[in-house]
Amino acid sequence: MSVQDQPTITSAYRSVGVTFESLVCNSDVFQETLRLAANAATKDVAILLLGETGTGKNLIAQAIHNASRRHNKPFVSVNCSAIPDSLLEAELFGSEKGAYTSSDKLRRGKFELADGGTLFLDEIGDMTPVAQAKVLRAFEYKQFERVGGEQTLHTDVRIIAATNRPLDQLLNDGRFREDLFYRMNEFSIEVPPLRQRLAEIEPLTQRFIKECNERFGSHIKSIEPAAMKRMMTHTWPGNVRELRAVIKRASVAAPGDQIRSDDLRLAVGVTPTDQIVPGNDLSISAMEARHIEQVLKKTGWNKKETSALLGVSRPTLDRKITEYNLKKPE
Ligand SMILES: Nc1ncnc2c1ncn2[C@@H]1O[C@H](COP(=O)(O)OP(=O)(O)OP(=O)(O)O)[C@@H](O)[C@H]1O
Ligand SMILES: [Mg+2]
């Protein structure tokens with residue numbers, strides 16, 4: 001199987017190929033995650049996938065769909081953070097011809113396109129309150145209207161939602177509706193970070209080396225033990241996506257058929273001892289802000305390289321730069 005990154009904007013497609021068996025799984029903790037997901041897959045409940053960026057939530061959502069009774073119907077994915085609020089309603093529910101000055105034809109929304117299948121609401125932590133209210137209604141009553149339309153349409157979709165943001169914090173801050181949360185949280189699954197799944201690092205590395213050999217024509221046969229050791233002690237803030245990016249780069253950079261320690265461009269973490277400085281804010285978000293700032297500095301504020309090193313998408317990096325108010329030095 002070739003495991004590919006999900007599109008970052010929005011897409012409607014039949015989920016292809018990803019099954020629970022196709023996921024690399026070698027640790028007890030991840031095995032338990034997949035057991036829960038596979039159990040829920042057959043029950044038609046709404047599922048909420050929680051976990052850090054790059055832990056595999058998109059892949060698990062597709063595997064759930066493919067293991068469900070809906071597998072012959074569409075798997076439709078919407079990245080809620082990538083769509084401005086003004087467009088989200090039309091994106092989700094569709095729009096009638098003439099609903100906007102520019103709309104010369106009827107457009108079906110994701111709820112309609114997913115009918116009978118699965119609607120994957122990705123990055124729900126980024127949905128605005130207006131969008132949340134509309135989604136709740138469609139979710140609760142299985143009905144909606146297209147923008148500019150009067151006819152009420154019915155839909156039968158199974159919703160899988162995902163977020164890498166701490167929803168409980170958003171709930172406390174009043175930025176996420178409790179009623180929607182409880183509705184989506186019929187069954188929530190925590191996807192553990194890679195640093196708690198060390199047994200997966202080696203098989204994932206092998207998987208990604210093979211993928212690079214096939215896709216980029218590299219000829220990597222092995223990885224130096226010292227390089228493997230470094231990977232086992234790295235904290236992987238970007239999780240499996242970061243590991244994949246590191247291997248991709250190393251496969252291209254390696255001069256021979258072996259990945260050496262020197263070929264690994266691991267984002268330099270701030271060691272915990274660096275942090276224990278009187279007056280330092282030791283909260284996780286403060287550490288994250290410092291870490292992102294360091295990597296930006298290291299790449300000369302090259303955001304493409306920084307997001308690859310951190311193993312997060314560009315929109316996520318941009319969001320965090322704004323959130324932490326990071327400024328490029330003059
Ligand atoms: N168990 C796995 N087996 C094989 N590849 C994996 C696995 N988990 C993750 N990956 C790889 O990591 C990439 C990132 O996974 P995915 O997009 O599902 O993460 P995510 O949890 O949805 O992240 P985000 O919160 O940033 O959206 C995948 O495209 C795939 O290459
Ligand atoms: Mg995702």
Side-chain angles (χ1 to χ4, degrees), residues 1-11 15-38 47-66 75-83 119-127 160-167 188-212 214-216 236-249 251 288 292 307-320:
M1 183 205 66
S2 126
V3 189
Q4 293 190 335
D5 265 316
Q6 288 306 295
T8 49
I9 307 299
T10 140
S11 60
S15 169
V16 281
V18 183
T19 61
F20 286 113
E21 294 72 36
S22 70
L23 297 178
V24 172
C25 175
N26 206 30
S27 64
D28 291 347
V29 59
F30 193 50
Q31 206 154 0
E32 177 59 11
T33 306
L34 295 188
R35 186 192 68 76
L36 284 173
I47 297 176
L48 177 60
L49 296 172
L50 299 166
E52 291 177 17
T53 185
T55 46
K57 297 183 294 299
N58 276 56
L59 294 184
I60 293 173
Q62 291 178 52
I64 291 172
H65 171 77
N66 284 331
F75 175 84
V76 175
S77 171
V78 187
N79 185 333
C80 302
S81 73
I83 307 170
L119 180 63
F120 179 45
L121 296 176
D122 203 4
E123 316 282 5
I124 49 151
D126 294 327
M127 245 197 275
I160 304 178
T163 179
N164 54 34
R165 310 191 61 182
L167 264 193
S188 68
I189 299 174
E190 288 269 356
V191 186
L194 188 57
R195 61 186 170 281
Q196 288 171 16
R197 295 156 45 186
L198 294 181
E200 252 120 57
I201 293 181
E202 186 150 9
L204 279 168
T205 300
Q206 300 301 347
R207 160 79 63 95
F208 296 143
I209 288 176
K210 190 161 170 269
E211 193 185 301
C212 288
E214 284 164 9
R215 289 179 60 188
F216 309 119
W236 301 108
N239 295 290
V240 185
R241 186 182 293 113
E242 181 188 358
L243 173 61
R244 185 171 182 241
V246 164
I247 295 301
K248 184 171 155 188
R249 189 198 169 273
S251 297
E288 184 178 67
I292 294 173
S307 53
L309 283 171
L310 291 170
V312 299
S313 64
R314 265 299 291 273
T316 301
L317 175 64
D318 287 334
R319 199 186 70 228
K320 286 183 186 290

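Side chains are part of it too, since the values below use all heavy atoms of this structure and drop only hydrogens, waters and symmetry mates. Atoms within a ligand are numbered from 1 in the order they appear, just like the ligands themselves.
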**Q** So, is Asn164 placed with an N/O/S atom under 2.8 Å from the Mg ion (ligand 2), counting both backbone and side chain?
**A**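 Given the 2.8 Å cut-off, Asn164 does not count as a ligand of the Mg ion (ligand 2).
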
**Q** Report the member of Val240, Leu23, Val312, Val18 with the shortest heavy-atom distance to atom 8 (N) of ligand 1.
**A**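 Looking at heavy atoms only, the winner is Val240.
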
**Q** Quick one: does ligand 1 sit under 4.0 Å from the side chain of Asn164, the backbone, both or neither, non-hydrogen atoms only?
**A**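 Near ligand 1, Asn164 shows its side chain, while the N, CA, C and O stay back.
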
**Q** Donor-acceptor pair, Asn239 side chain versus Pro193 backbone, under 3.5 Å?
**A**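 Looks like no, no N/O pair under 3.5 Å.
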
**Q** What about Phe208: any of its N or O atoms under 3.5 Å from an N or O on ligand 1?
**A**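 No, there is no polar N/O contact under 3.5 Å.
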
**Q** Between SG of Cys80 and CD1 of Ile124, what distance do you get to the nearest 0.5 Å?
**A**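 Interatomic distance, Cys80 SG to Ile124 CD1, rounded to 0.5 Å: 7.5 Å.
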
**Q** Among Leu194, Leu50, Leu59, which residue places a heavy atom closest to atom 7 (C) of ligand 1?
**A**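 Among Leu194, Leu50, Leu59, the closest heavy atom to atom 7 (C) of ligand 1 comes from Leu59.
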
**Q** Are the side chains of Thr55 and Leu49 in touch, meaning some heavy atoms are under 4.5 Å apart?
**A**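 Thr55 vs Leu49: side chains apart.
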
**Q** For ligand 1 and Ser22, I'd like to know whether there is a polar contact (N/O to N/O, distance under 3.5 Å).
**A**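 Among all N and O atoms of Ser22, none is under 3.5 Å from an N or O of ligand 1.
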
**Q** Verify, without hydrogens or angle tests, whether Lys57 (side chain) and Val191 (backbone) share a donor-acceptor contact under 3.5 angstrom.
**A**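 Here the side-chain-to-backbone pair does not exist.
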
**Q** Does ligand 1 have any atom that is closer than 4.0 Å to a heavy atom of Gly54?
**A**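 In this structure, Gly54 qualifies as a contact of ligand 1 - some heavy atom is under 4.0 Å.
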
**Q** Considering only heavy atoms of Glu123, which atoms of ligand 1 have at least one such atom less than 4.0 Å away?
**A**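 This gives 27 (O) as the contact atoms.
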
**Q** What part of Arg244 sits under 4.0 Å from ligand 1 if we count only heavy atoms: the side chain, the backbone, both or neither?
**A**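 Near ligand 1, Arg244 shows its side chain, while the N, CA, C and O stay back.
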
**Q** Under a 4.5 Å cut-off applied to non-hydrogen side-chain atoms, are Val312 and Arg319 in contact?
**A**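 Val312 does not reach Arg319 side chain to side chain.
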
**Q** Taking all heavy atoms of Leu50 and all of Ser188, pick out the closest pair and write down the distance.
**A**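 So the minimum-distance heavy-atom pair works out to CD1-CB, 4.4 Å.
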
**Q** Ligand 1 and Arg207, any nitrogen or oxygen pair closer than 3.5 angstrom?
**A**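 Between Arg207 and ligand 1 (N or O atoms, distance only) the closest approach is not under 3.5 Å.
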
**Q** Going by heavy-atom distance to atom 4 (C) of ligand 1, choose the closest among Asp122, Leu243, Leu204.
**A**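 Answer by nearest heavy atom: Leu204.
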
**Q** Heavy atoms only, cut-off 4.0 Å: how does Glu200 contact ligand 1, side chain, backbone, both, or neither?
**A**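 Under 4.0 Å from ligand 1, Glu200 contributes no heavy atoms.
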
**Q** Could you check Leu204, Ile60, Val240 and say which one makes a side-chain contact (heavy atoms from CB on, under 4.5 Å) with Leu23?
**A**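 Only one of Leu204, Ile60, Val240 forms a side-chain contact (heavy atoms from CB on, under 4.5 Å) with Leu23, namely Ile60.
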
**Q** For the backbone of Asn26 and the side chain of Glu200, can you confirm whether one donor and one acceptor N or O come within less than 3.5 Å of each other?
**A**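 Between the backbone of Asn26 and the side chain of Glu200 there is a qualifying donor-acceptor contact (under 3.5 Å).
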
